[in-house]
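For reference, the structure is listed below as structure tokens.
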There are 2 protein chains.
Amino acid sequence: MGLSCWGRETHDATRRLKKVPMKVEEKGTRGEGNQLLARIPADLADLMLAHLEPVDLPQGLVIEQPGELIEYVYFPTGGVISIVAMTPEGDAQIEAGLVGREGMSGSMVALGTDRSPHQTTVQIGGSGHRMAVSRLREMMDNEALHERLLHYCHALSVQTAHTALANAKLKLDARLARWLLMCHDRLGSDEVPLTHDFLSVMLGVRRAGVTVSLHILEGQGLVRATRGLIRINDRAGLERMVGGCYGVPEAEYARLLAE
Amino acid sequence: MGLSCWGRETHDATRRLKKVPMKVEEKGTRGEGNQLLARIPADLADLMLAHLEPVDLPQGLVIEQPGELIEYVYFPTGGVISIVAMTPEGDAQIEAGLVGREGMSGSMVALGTDRSPHQTTVQIGGSGHRMAVSRLREMMDNEALHERLLHYCHALSVQTAHTALANAKLKLDARLARWLLMCHDRLGSDEVPLTHDFLSVMLGVRRAGVTVSLHILEGQGLVRATRGLIRINDRAGLERMVGGCYGVPEAEYARLLAE
DNA sequence: ATTGTTCCGTGCGAACTCGCACAGAAACAA
DNA sequence: TTGTTTCTGTGCGAGTTCGCACGGAACAAT
């Protein structure tokens, strides 16, 4: 399968550009569907919405490049964005964060900088809204909004810490299960449209390893995989398989942002 | 060696309480020595210093417990504090962040919350200053200070992300080398006073694995290990060994906070 | 229908780490 | 000094993942 290891081609943004199954859950033109936007302080809502622009998020789209200034932050309403930590040479990479409708890309803007050493791409196509960084900075004069975003930064960093934990202590099967759970949370669908190749890049392992591990999950009836698609059958079973390495960041998110 | 695996006893705060070799580099009673405190906005400096309390940081001291409200944040001037991500049951843990005189513990206060699911302990004894969380919150009304702390949060989260990268992609030798480098940065000394046991907990591996890996580093003349002490001989050699997996968080820190 | 591409299944030896277990060495306490 | 504890060095079989490599299956386009 050629250059399978890093799957660079499969990440190419130009592929599949108009094939992404658009989520039809857009409720009006509101920011609804994204949980950060859904709770904008009332006095800001109108202004905020005026500067939000609905966008398509095709699979493979590169949202941020390491070290490059970002222009927009994205609030997904569907699909999954992933934050990938990498060496400057790009010879090693690993997923450090997952973003879905519960969050935003470009969260470092809330921390006062407009670039980071990570790469951010759309893992699973979807849609959302974006806002110019300069606008967001103006909005953040509102302390309630700023704090909401900071809470999200905290939850995201807990997620990253537990990814470090999972990478160090879990076997591939369990890491895969954890990844599927996190994805499931964000998609609101039992179908995860990804190839083994993509997963292998996220988990930093061989593609063949993902294949084998998926078979293990299938053997226990937890998922059902077909070409380019993984269907989640038994969420509770997956959670059991991951043990305590799933759930902590999710609980932290709930504690701070569900209010 | 008994209960070596998690080394719980060795973490006990009651042991070695007065044996920590105090750093004598305290320059007056100022916050000097801690790089976050060193650059307090001028208009805040006096007020800030009034609420800082010098403290000893003995090895093993538990600074934060998962889920528990914190009362103080700590600005080390020497020694190393480590942030450990763990499962709720505590059956798996890994170091997710290292804090030295470049930073602070309890950085989540800057993000608007006063607890986290991580455990924070003193890895290498030293000293520093602490401030009540309530005070810090008042101080953060000053936007310049708040932004400085947020920048630090960003750098810390990049560090965590690269720890996830290292855990997934590096061999034990290289992970150990990376850890020693990060420690060296914070200690300002070539001597790292830690046992293999401690290191094995931080890296999430067997104690015996650390012993073997240290021998490899020694074999290349990079370090020299004696009982309870690792002396760093060839920093550049260590960096070479780690490759691109060291340096990115450090560069990010420098970009944002060295000004 | 044919061809080209992407994706998935499988096999095998090598490398790394694990879990367990024990012995020697160094520090410490009495 | 003696006894105890902590720390380090070593060995071995088992389990996991790697790197490589090939064949077959599903899909797309002509």
Side-chain angles (χ1 to χ4, degrees), chain A residues 1-12 14-19 59-60 91-92 94 166-177 192-201 203-219 223-231, chain B residues 1-12 15-19 59-60 91-92 94 166-176 192-201 203-219 223-231:
Chain A
M1 84 141 295
L3 224 174
S4 83
C5 181
W6 295 116
R8 289 231 168 76
E9 299 89 344
T10 18
H11 273 108
D12 192 317
T14 62
R15 228 171 41 87
R16 283 221 199 172
L17 232 144
K18 286 302 160 195
K19 294 178 200 168
Q59 182 186 47
D91 56 343
I94 202 77
N167 290 352
K169 307 292 287 187
L170 295 186
K171 288 188 298 184
L172 184 44
D173 324 353
R175 285 176 60 201
L176 177 57
V192 182
L194 281 184
T195 67
H196 300 183
D197 226 64
F198 261 70
L199 284 167
S200 74
V201 176
L203 298 171
V205 297
R206 284 177 318 151
R207 192 269 315 160
V210 172
T211 302
V212 172
S213 286
L214 267 175
H215 290 167
I216 295 176
L217 300 189
E218 280 192 283
V223 304
R224 173 82 191 126
T226 57
R227 188 189 171 91
L229 184 72
I230 299 167
R231 176 171 287 106
Chain B
M1 84 145 292
L3 223 174
S4 83
C5 182
W6 295 115
R8 287 232 169 75
E9 298 89 345
T10 19
H11 273 109
D12 192 316
R15 231 170 41 86
R16 283 219 198 176
L17 233 145
K18 286 302 160 197
K19 294 179 198 167
Q59 183 187 45
D91 56 344
I94 201 78
N167 291 352
K169 307 292 288 188
L170 295 186
K171 288 187 298 185
L172 184 45
D173 325 349
R175 284 176 61 199
L176 176 56
V192 181
L194 281 184
T195 67
H196 301 183
D197 226 65
F198 261 69
L199 284 168
S200 74
V201 176
L203 298 171
V205 298
R206 284 177 318 150
R207 192 271 314 159
V210 172
T211 303
V212 172
S213 285
L214 266 175
H215 291 166
I216 295 177
L217 299 190
E218 280 191 284
V223 304
R224 173 81 191 125
T226 58
R227 188 187 169 91
L229 183 72
I230 299 166
R231 176 171 287 106

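All values reported here derive from a predicted model rather than from experimental measurement. Chain identifiers are assigned alphabetically (A, B, ...) following the order of the sequence lines, protein sequences preceding nucleic acid strands; residue numbering begins at 1 within each chain.
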Give the rounded distance in Å between these two atoms: NE2 of B:His196 and C1' of D:dT10.
13 Å

Would you compute the distance between atom CZ of B:Arg227 and atom CG of B:Leu229 and round it to the nearest 0.5 angstrom?
12.0 Å

B:Thr226 vs B:Ala168, nearer the 5' end of DNA chain D by closest nucleotide
B:Thr226

For A:Ala168 and B:Asn167, the nearest pair of non-hydrogen atoms, with its separation, is CB-ND2, 3.8 Å

Let me spell it out: for each of B:Gly228 and A:Asp173, pick the nucleotide of DNA chain D with the closest heavy atom. Which residue's pick is nearer the 5' end?
B:Gly228

Under 4.5 Å between any side-chain heavy atoms of B:Arg207 and B:Thr195, yes or no?
no

Checking all strands, does B:Ala208 fall into the base, sugar-phosphate, or nothing category for heavy-atom contacts under 4.0 angstrom?
base

Can a donor-acceptor pair under 3.5 Å be found between the side-chain atoms of B:Arg207 and the base atoms of C:dG19?
no

Check whether any side-chain heavy atom of B:Val223 lies under 4.5 Å from a side-chain heavy atom of B:Val192, and answer yes or no.
no

Euclidean distance, atom CG of residue A:Asp197 to atom P of C:dG9 [Å, nearest integer]
13 Å

Is there side-chain contact between A:Leu176 and A:Ile216, with heavy atoms separated by less than 4.5 Å?
no

Rounded to the nearest 0.5 angstrom, the CD-CD1 distance for A:Glu218 and A:Ile230 is 8.5 Å

Spacing of A:Asn167 atom CG relative to D:dT17 atom C1', expressed in whole Å:
14 Å

For residues A:Leu214 and A:Ala225, report the shortest heavy-atom separation together with the two atoms involved.
CD1-CB, 4.4 Å

Between P of C:dC8 and CZ of A:Arg224, the distance in whole Å:
13 Å

Give the rounded distance in Å between these two atoms: CG of B:Leu199 and P of D:dG9.
12 Å

side-chain contact (heavy atoms from CB on, under 4.5 Å) with B:Leu172: which residues, sequence neighbours excluded?
B:Leu203, B:Val205, B:Ser213

Once you round it to whole Å, what is the distance between P of D:dC7 and CD of B:Gln59?
9 Å

Taking CZ from B:Arg227 and P from C:dG24, how many angstroms apart are they, rounded to a whole number?
16 Å

Mind listing the N/O atom pairs, protein and nucleotides 2-4 of chain C, below 3.5 Å?
none

Would you kindly give the CG-to-P distance between B:Leu170 and C:dA15, to the nearest whole Å?
19 Å

Pick the closest DNA chain C nucleotide for B:Lys171 and for A:Arg206 by heavy atoms, then say which residue is nearer the 5' end.
A:Arg206

Between A:Asp197 and A:Ser200, which heavy-atom pair has the shortest distance, and what is it?
O-OG, 2.7 Å

Neighbours of DNA chain D within residues 209-218 of chain A, by heavy-atom distance under 4.0 Å
none

